[in-house]
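A note on names: the letters A, B, ... follow the listed sequences, proteins ahead of strands, and every chain is numbered from 1. Since we're looking at a predicted model, the values are computed, not measured.
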Amino acid sequence: MDQNQLNDYIPIVGLSVVHDLQVIAEKLNGKTIINVNSTAVGGGVAEILTRMIPLLNQLGVNAKWDVIKGNERFFNITKNFHNALHGVKVDFSQDDFDFFVHVNRENMKIMNFDADIFLIHDPQPVVLIEMKKVLGKHWAWRCHIDFTNPQMDLMEFLNQFIEQYEYAVFSAPAFSRKLSIPQALIAPSIDPFSDKNKELPKEQINSIVEGYGIDLSRPIVTQISRFDYLKDPVGVVKVYKLVKPYIDCQLVLAGGGATDDPEGMKVLEDVREAAGNDPDIHILFLPPSSDVEINALQRASTVILQKSLKEGFGLTVAEALWKEKPVIAGAVGGIPLQIKHQYSGILSYSIEGTAYYLKQLLHEPEYSRELGINGKQHIKENFLITRHIRDYMLLFLSLMNKEDIIYL
Amino acid sequence: MSKPFHFYTEYNLPLLLGIKSSNIRNLLENIRTVPDASIYYHTHRFLQQHHFLVPEPPNDFAYWIRNVLNLTELGEATASINIASLNNINDVRQKLIKTIEDYSSKDSSQANCVKGTEFQFMSCKTFCLPLDCHAKDLNEFAEQLESISINTFYYHIFETQLRLGKNKNDFADWFETLGYHELAKRVSSLDPYTTTLNGLREDILTLIKTYGSKSIK
């Protein structure tokens, strides 16, 4: 992956945005910030830190990144934490909790804590806050997980650590909880230069899309998501079948998933069964590293759906809007932050509702175009990596300034 | 000689209060008690995040009341609160309370919203930064106005008037000190809540061209 220079973003976001980043960064001069998470590769947190740390360094902010170490048992426990925080019932023993704390404390013995500000990502390293009693300094906890329906015994266990931080940071308003510490909202972002979002030549788009047997001369309706019941791919097929008698469109359901994930395979089977023999339904089970292919499919689409029943933030919506596509999406998780109904996209609540709006957008290309233009503008102003970097810098400054209005 | 105009910019870090409302009565209760910064955030965030759109809906309360609770009449009443005529955030809060109370006295239905679509109260921490950008006279001001970011515009139009307690926006205030009384009066009477911020920028530039001559001070 090529690392972009800060100045590369100027033609996209404007000189003033990059200049303001530089002004804010100056206020962090002399401060060292350490990010800590649990994996250096794979997953959204590692992906964003990989892109963000070099940009912060270019701004003159001494940002670093460290990873805690753990064995298989530790990561099994934290995987169960992840599921339980998403509302799946999991039984934890006191031994599990004790081992989790123990591994964190072992990491404390070997990690370098030479910094002014610590940004700790997700539950895995949350116990590191115990070092605050020794070091002082500033500490914030960054939660990337959907916290709308967490298992309460786990939440109580984690709260004893979370509430020792100065700030908790969540990705969407619905994830916030009653906590005794301030909570900031920092939404995730997309990088316009990543393979998934960069501009592609028309010939490359056409070649990729036609390679999948998709007809570029007819409308293409696409949902990009892994094959998961919560993304409602079977519901998307039903939407298509309600629309197809009126508009000769094609449906593309494209996404990845682990082949050793039995539920993912079952969902894929269900989708294939629902699709039947319709040659205009294209079910594409894509391998990892299909970012350019996903980019091309989105760019070739007439309308993009994200009919999720439950969602973390739903960055596929931001990706589609960035490409000026009209999007119809479920009003769940972080999606309402990205779409204001009938301004920058459509929010829907049912199969019938989605079909109704889909017909409308396919019949009214001018209206669709307006939604796409507004949607792209909204993403440009609020969900690009430059905004994300700015919010992190403002968070760091918030740790050092307690007032509501701060003159820097 | 008057002082040059120094441009500032501002950025907000949104804060989550962990407070939510699922019906109109509970929304009213929370509007009474949340911090000033929360009222400010919910009545201005939309303008900053959606300033490129036709400026509707102008505030989060109106959007939620209309689109989530489906109370169109109250949604319209809340959207049409004339914030431009109010002097501070407490006045905005009181006007919101009165609008919702008036509606509730006529219609006592207290339907809850669908789970997951509650109104989430937020607030913000505001960072104001001086820019290396100033104007000594109207010509320089007009040149700068064409290129300043929307956040700079936002700071001088909304922040100083509603949260820092000035009775007019920064631009009108400076025009006044230069002696351009008519220009100051007209810029002061612009309603920034019913136009996009870029539209407002154009309006001010037009007013400078029209009333920025010494002869019509």
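Within the 4.5 angstrom heavy-atom criterion, only side-chain atoms of A:Tyr167, from C-beta onward, approach chain B. Of the two parts of B:Ser149, the backbone and the side chain both hold a non-hydrogen atom closer than 4.5 Å to a non-hydrogen atom of chain A. Heavy-atom distances place no part of B:Phe121 under 4.5 Å from chain A, backbone and side chain included. Heavy-atom distances place no part of A:Gln342 under 4.5 Å from chain B, backbone and side chain included. For B:Ile19, the part lying under 4.5 angstrom from a heavy atom of chain A is the side chain only.
Most heavy-atom pairs under 4.5 Å with chain B, from the set A:Leu179, A:Ile24, A:Val169, A:Leu185: that is A:Leu185. With chain B as the partner, the residue from A:Leu395, A:Val23, A:Asp20, A:Leu397 showing the most heavy-atom pairs under 4.5 Å is A:Asp20. Of the residues considered (A:Ser176, A:Pro173, A:Ala168), A:Pro173 shows the highest number of contacts with chain B, using heavy-atom pairs under 4.5 Å.
Between A:Phe396 and A:Tyr392, the two ring planes are parallel [angle under 30°; tilted spans 30° to 60°].
Under a cutoff of 6.0 Å and an axis angle of 45°, B:Lys20 and B:Phe119 do not form a cation-pi pair.
A donor atom on one side chain and an acceptor atom on the other are found under 3.5 Å apart for A:Thr354 and A:Ser348. Of the N and O atoms on the side chains of B:Glu159 and B:Tyr40, at least one donor lies less than 3.5 Å from an acceptor on the other residue.
Checked against the 6.0 Å centroid criterion, the rings of A:Phe313 and A:Phe383 qualify as a close aromatic pair. Between B:Phe141 and B:Phe171, the distance separating the two ring centers is shorter than 6.0 angstrom.
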